[in-house]
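Just so it is clear, the values below take in all heavy atoms, side chains as well, and ignore hydrogens, waters and symmetry mates.
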Amino acid sequence: MLEVAFRELRKSYVTATKVFSSLINQRLPPRFQNNAKVGVLVQAFAKELGLDEAQQHDLQLAAALYNLGKLAWNDRLLATPAERLSVQPRESYRLYPATGENLLMALEHMEGAAKIIRHHRERWNGSGFPDRLKGEAIPLGSRLLGLAVDFIELQRGMILPRQVMRPQALELLQKFAGRVYDPSLCRAFVTLCRDKAPDLESQGRPVLALETRKLEPGMSWPRISTPPAACCCCTRASSSTPT
């Protein structure tokens with residue numbers, strides 16, 4: 001009975017995550033609604049690395065909610081590429097990972113995902129934010145999520161003031177390996193995207209937003225897996241230990 005109750009509790013957090021992700025998309029312009037695409041990419045890469053189910057679960061939650069901290073932004077800030085931000089908007093931009101973490105920390109089973117979100121804008125050379133972590137001090141999940149987010153956002157025109165084609169986006173990731181990205185993780189990520197992962201721009205499954213009353217039998221949410229039952233302390237430890 002305890003195991004069943006635990007699984008139901010975990011499922012409720014997955015449901016809440018889907019709701020929060022949908023709310024985020026309501027605030028973003030359509031071409032900036034990237035959570036589902038980032039989630040597909042993160043899931044493929046996590047499996048390629050052989051991460052355990054608890055780590056994969058936390059990564060999927062983090063991919064769905066990584067831009068939760070942007071909910072309070074005004075429309076102009078949401079639509080401005082990161083490299084075009086002036087001083088004051090840039091300060092607001094740099095706060096969003098920590099804001100996202102703060103919003104999730106009250107939910108015990110979201111602590112692993114919250115930590116991943118907080119550090120996904122750190123840089124390998126220590127010049128990132130919010131804590132200027134360096135190298136392997138950055139949690140593995142955050143390093144992975146940062147690669148996936150930048151790969152998608154480069155193509156969407158959310159970083160540079162232009163949309164970058166997929167091959168050029170991969171070249172940019174490689175160019176900044178060792179400065180922004182974990183070099184070995186970046187190589188594995190680029191190889192996965194080139195050789196194994198589907199082209200998300202042309203083959204990604206579309207997600208249709210509907211009112212609840214319009215839902216029909218057979219429709220489904222984008223999948224976020226629920227890991228097997230485990231004690232909370234073990235789940236948090238496995239998801240937050242840097243490698």
For a side-chain hydrogen bond (donor to acceptor under 3.5 Å, both in side chains) check, start with the C-alpha distance between Glu122 and His119, then their side-chain angles and the critical distance, and finish with the verdict. CA-CA 5 Å; Glu122 307 284 1; His119 297 299; 3.1 Å; yes

Decide yes or no on ring-ring contact (aromatic ring centres under 6.0 Å, His included) for His120 and Phe129, but give the supporting numbers first. CA-CA 9 Å; His120 80 280; Phe129 55 89; 8.2 Å; no

Step by step, would you call Gln43 with Val40 a side-chain contact (heavy atoms from CB on, under 4.5 Å)? CA-CA 5 Å; Gln43 185 177 34; Val40 170; 5.6 Å; no

Does Met105 form a side-chain contact (heavy atoms from CB on, under 4.5 Å) with Glu111? I'd like the steps, not just the answer. CA-CA 6 Å; Met105 284 300 290; Glu111 290 178 3; 4.2 Å; yes

Output, in order, the C-alpha distance, side-chain angles, deciding distance and verdict of side-chain contact (heavy atoms from CB on, under 4.5 Å) for Leu68 and Ile117. CA-CA 9 Å; Leu68 179 64; Ile117 289 170; 5.8 Å; no

Between Lys37 and Arg156, does a side-chain contact (heavy atoms from CB on, under 4.5 Å) hold up when you go through it step by step? CA-CA 11 Å; Lys37 293 182 181 296; Arg156 296 296 193 175; 2.7 Å; yes

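Rounded to the nearest 0.5 angstrom, Leu103 CG and Met110 CE are separated by 10.5 Å. Expressed to the nearest 0.5 Å, how far CZ of Arg121 lies from OH of Tyr93 amounts to 4.0 Å. To the nearest 0.5 angstrom, Leu95 atom CG is 7.0 Å from Glu91 atom CD. Interatomic distance, Glu83 CD to Leu85 CG, rounded to the nearest 0.5 Å: 8.5 Å. Separation of atoms CG (Leu59) and OH (Tyr66) is listed at 14.0 Å; rounding is to 0.5 Å. Within the model, atoms CD of Glu136 and CG of Asp182 stand 7.0 Å from one another, a figure rounded to the nearest 0.5 Å.
Linking Ile, Leu, Val, Met, Phe, Trp and Tyr whenever their side-chain heavy atoms come within less than 4.5 Å leaves Ile159 and Met165 in two separate clusters. Hydrophobic clustering, with ILVMFWY side chains joined whenever heavy atoms are under 4.5 angstrom apart, groups Leu107 together with Leu61. When hydrophobic clusters are built by joining Ile, Leu, Val, Met, Phe, Trp and Tyr residues whose side-chain heavy atoms come closer than 4.5 Å, directly or via intermediates, Phe151 is not grouped with Trp124. When hydrophobic clusters are built by joining Ile, Leu, Val, Met, Phe, Trp and Tyr residues whose side-chain heavy atoms come closer than 4.5 Å, directly or via intermediates, Phe176 is grouped together with Leu192.
When side chains are defined from C-beta on, Arg90 counts as touching Arg94, because their heavy atoms get closer than 4.5 Å. You'll find the side chain of Val180 stays beyond 4.5 Å of the side chain of Asn125, heavy atoms only. Two residues are said to be in side-chain contact when any heavy atoms from C-beta on lie closer than 4.5 Å; Pro89 and Arg84 fail this criterion. Two residues are said to be in side-chain contact when any heavy atoms from C-beta on lie closer than 4.5 Å; Val164 and Leu172 meet this criterion.
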Check residues 71-82 and write down every donor-acceptor pair under 3.5 Å in which the side-chain atom is one partner and the other belongs to a residue at least two apart or another chain.
from	atom 1	to	atom 2	distance (Å)
Asn74	OD1	Arg76	N	3.2
Asn74	OD1	Leu77	N	2.7
Asp75	OD1	Arg27	NH1	2.9
Thr80	OG1	Arg76	O	2.6

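Residue Val42 comes nearest to Ala148 through the heavy atom pair CG2-CB, 3.7 Å, listed as atom of the first residue, atom of the second, then distance. Among all heavy-atom pairs drawn from Leu65 and Asn35, the shortest one is N-ND2, 4.2 Å. Residue Leu185 comes nearest to Phe45 through the heavy atom pair O-CZ, 3.6 Å, listed as atom of the first residue, atom of the second, then distance. Residues Asn34 and Glu153 come closest through the heavy atom pair ND2-CG, 3.9 Å. Summarising the geometry of Cys186 relative to Tyr181, their closest heavy-atom pair is CB-CB, 4.2 Å, with the distance given to 0.1 Å. Taking every heavy atom of both residues into account, Arg118 and Pro97 meet most closely at O-CB, 3.4 Å.
Side-chain atoms of Gln55 come within 3.5 Å of backbone atoms of Asp52 as a donor-acceptor pair (strictly under, hydrogens ignored). With Gln163 contributing its side chain and Gln155 its backbone, the two residues share a donor-acceptor pair below 3.5 Å. Gln33 places a side-chain N or O within donor-acceptor distance of the main-chain N or O of Leu28, the cut-off being under 3.5 Å. The closest donor-acceptor contact from the side chain of Asp131 to the backbone of Leu133 lies at 3.5 Å or more, if one exists at all. Judged purely by atom type and a 3.5 angstrom limit, Gln60 uses its side chain to pair as donor or acceptor with the backbone of Gly39. Within the 3.5 Å criterion, the main-chain N or O of Lys70 finds no donor-acceptor partner in the side chain of Asn67. Put simply, the side chain of Ser142 gets close to the backbone of Ile116: a donor and an acceptor are under 3.5 Å apart.
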